[in-house]
Amino acid sequence: MSQVLLLVLDVGPHSLVRVPLRRMPTLRTQLRKVGNLEQFIHNHQPEIFSRRYAQCYPPGIPSLRLSKSSERIYNFMDAQFYGKISLGSPEQNFTVVFDTGSADLWIPSSYCISEACGAHHKFKAFESSSFCHDGRVFGINYGTGHLLGVMARETLKVGEISLLNQEFGESVYEPGYVFVMAKFDGVLGLGYPSLAEIPGNPVFDSMMSQKAIDSPMFSFYLSKSKSPKDPEGELLLGGTDEALYSGSINWTPVTHKGYWQIKIDSVSVQGSSSFCPHGCQAIVDTGTSLIAGPPNEILSLQGLIGATPTSIGEYLIDCARISSLPQITFIISGVEYTLTSESYIRREALGDKEICFSGFMAVDITSDNGQMWILGDVFLSEYYSVYDRGQDRVGFARALHQPSPTSDLGGGPARDQEVWQKPHPTK
């Protein structure tokens, strides 16, 4: 009787489930350190964003006419936050990108023949008593070639949540240099089902259908702190946590249910020089660390902040000038979300030197509603983000970070300290 009761409790709904996230060097940073970034960019940059966001383009564009097994590229070159999941009985652990820009779960198979798989944890189906073979094949186009795999069903554990018979992909071939150096084993997509390459329920849809969470929403907190004592980030399934943000959550509707796509009213530099003055579409994407926008507007924006282009499309900033750079403000549903230069400039150590890069990048993505922006971790580290499937909306609030004497973010040092000492989860 006690065993049955424990089982029922284990599969019941959870009010709030926390999944710790770790920050690791992006693939871009790793390639730069070993001197291979320029070659990689020249070989692959033209397709990276157009293939990842192929669904945004109007139908009928020949260059983007993709087959069922080759639909879009998932570019995680700038992904920097990863978390852990487990599959099987007994559990096998993996590190994944929790990605709002895709909807599939895939992990390397023990039968994978690629060099990339040799550097990562691989799923061993023969060691799991709960494994269910499916047999259907899938493929994802990564520009450098097809990631190929077979479908299966298995018990998946994310934080305290256990999902039965979760569809996922076992990759047997992973193309290119990207996955060899990647710090993650696989990807767990949190986008809408229409993005899925792999048939069946995406993971968050399974959480809702199996009633594993109380509320049909999840949220991300991405820390800016480099201290090992501070939390690096959290994915919260089933709700939000007031201790991680200040003020109220401001909501904006999803405009197209594929990516977490929203409308931006306008973008301004120091209160003027507005971009997309008549509104534009944007994708909220935890799978990239950058903010991307239309080439002409990003080029003007780089000029306004004094950024100098490199031969591979990056923009350098004089580190000594950071404190004098203007603020960039995104207006969404009438609410201003401001980024200071400390937020949108990326600092990297290269040998004994510090290099500063603009956190903005040009991408040419055109949807039925015009050109697109992408809000990655540069934005999401400043603003706690909430993704509500129940009401098809995205929410933002000022993220609370460990206070510093000079900080002007959030509710100020006193408020930050008070909230951090009194965590209060809510749904």
Distance flag, aromatic centroids of Phe218 and Phe204, threshold under 6.0 Å: yes
Any idea how Phe94 and Phe123 line up, ring-wise: parallel (<30°), tilted (30 to 60°), or perpendicular (>60°)? tilted
With disulfide (SG to SG under 2.5 Å) as the rule and sequence neighbours excluded, what pairs involving residues 320-354 come up? none
Near-ring test Tyr383/Phe396, centroid separation under 6.0 angstrom: no
Note: Glu342-Arg347 ion pair, threshold 4.0 Å (strictly below): yes
Counting heavy atoms not belonging to Lys84, are there more than 12 under 6.0 Å from its NZ? no
Can you check whether Asn93 reaches Ile85 side chain to side chain, under 4.5 Å on heavy atoms? no
Are Arg389 and Tyr192 in a cation-pi contact, defined as NZ or CZ under 6.0 Å from the six-membered ring centre and within 45° of the axis? yes
Working for salt bridge (Lys or Arg N to Asp or Glu O under 4.0 Å), residues Glu348 and Arg28: CA-CA 11 Å; Glu348 287 189 17; Arg28 184 186 300 271; over 6 Å; no
Cationic N near anionic O, under 4.0 Å, Arg153 to Glu167: no
Phe98-Phe81 aromatic ring centre distance below 6.0 Å: no
Can you tell me which residue pairs pass the disulfide (SG to SG under 2.5 Å) test with a partner in residues 304-381, sequence neighbours excluded? Cys319-Cys356
Check: His121 ring centre within less than 6.0 Å of Phe184 ring centre: no
If we ignore angles and hydrogens, is there a donor and acceptor under 3.5 Å between the side chains of Gln302 and Ser358? yes
What do the steps show when you test Tyr344 against Phe360 for ring-ring contact (aromatic ring centres under 6.0 Å, His included), and what is the final call? CA-CA 7 Å; Tyr344 64 76; Phe360 298 98; 5.4 Å; yes
Count the heavy atoms belonging to other residues, nucleotides or ligands that lie under 6.0 Å from CG of Asn36, then report whether that count exceeds 12. yes
Taking Asp285 for its side chain and Ile374 for its backbone only, find out whether a donor-acceptor pair lies under 3.5 Å. no
Modelled atom types, side-chain donor and acceptor of Ser102 and Asp99, under 3.5 Å: yes
Kindly state whether the ring of Trp106 and the ring of Phe138 have centres lying under 6.0 angstrom apart. no
Quick check: are there more than 12 heavy atoms from other residues, nucleotides or ligands sitting under 6.0 Å from CD of Gln270? yes
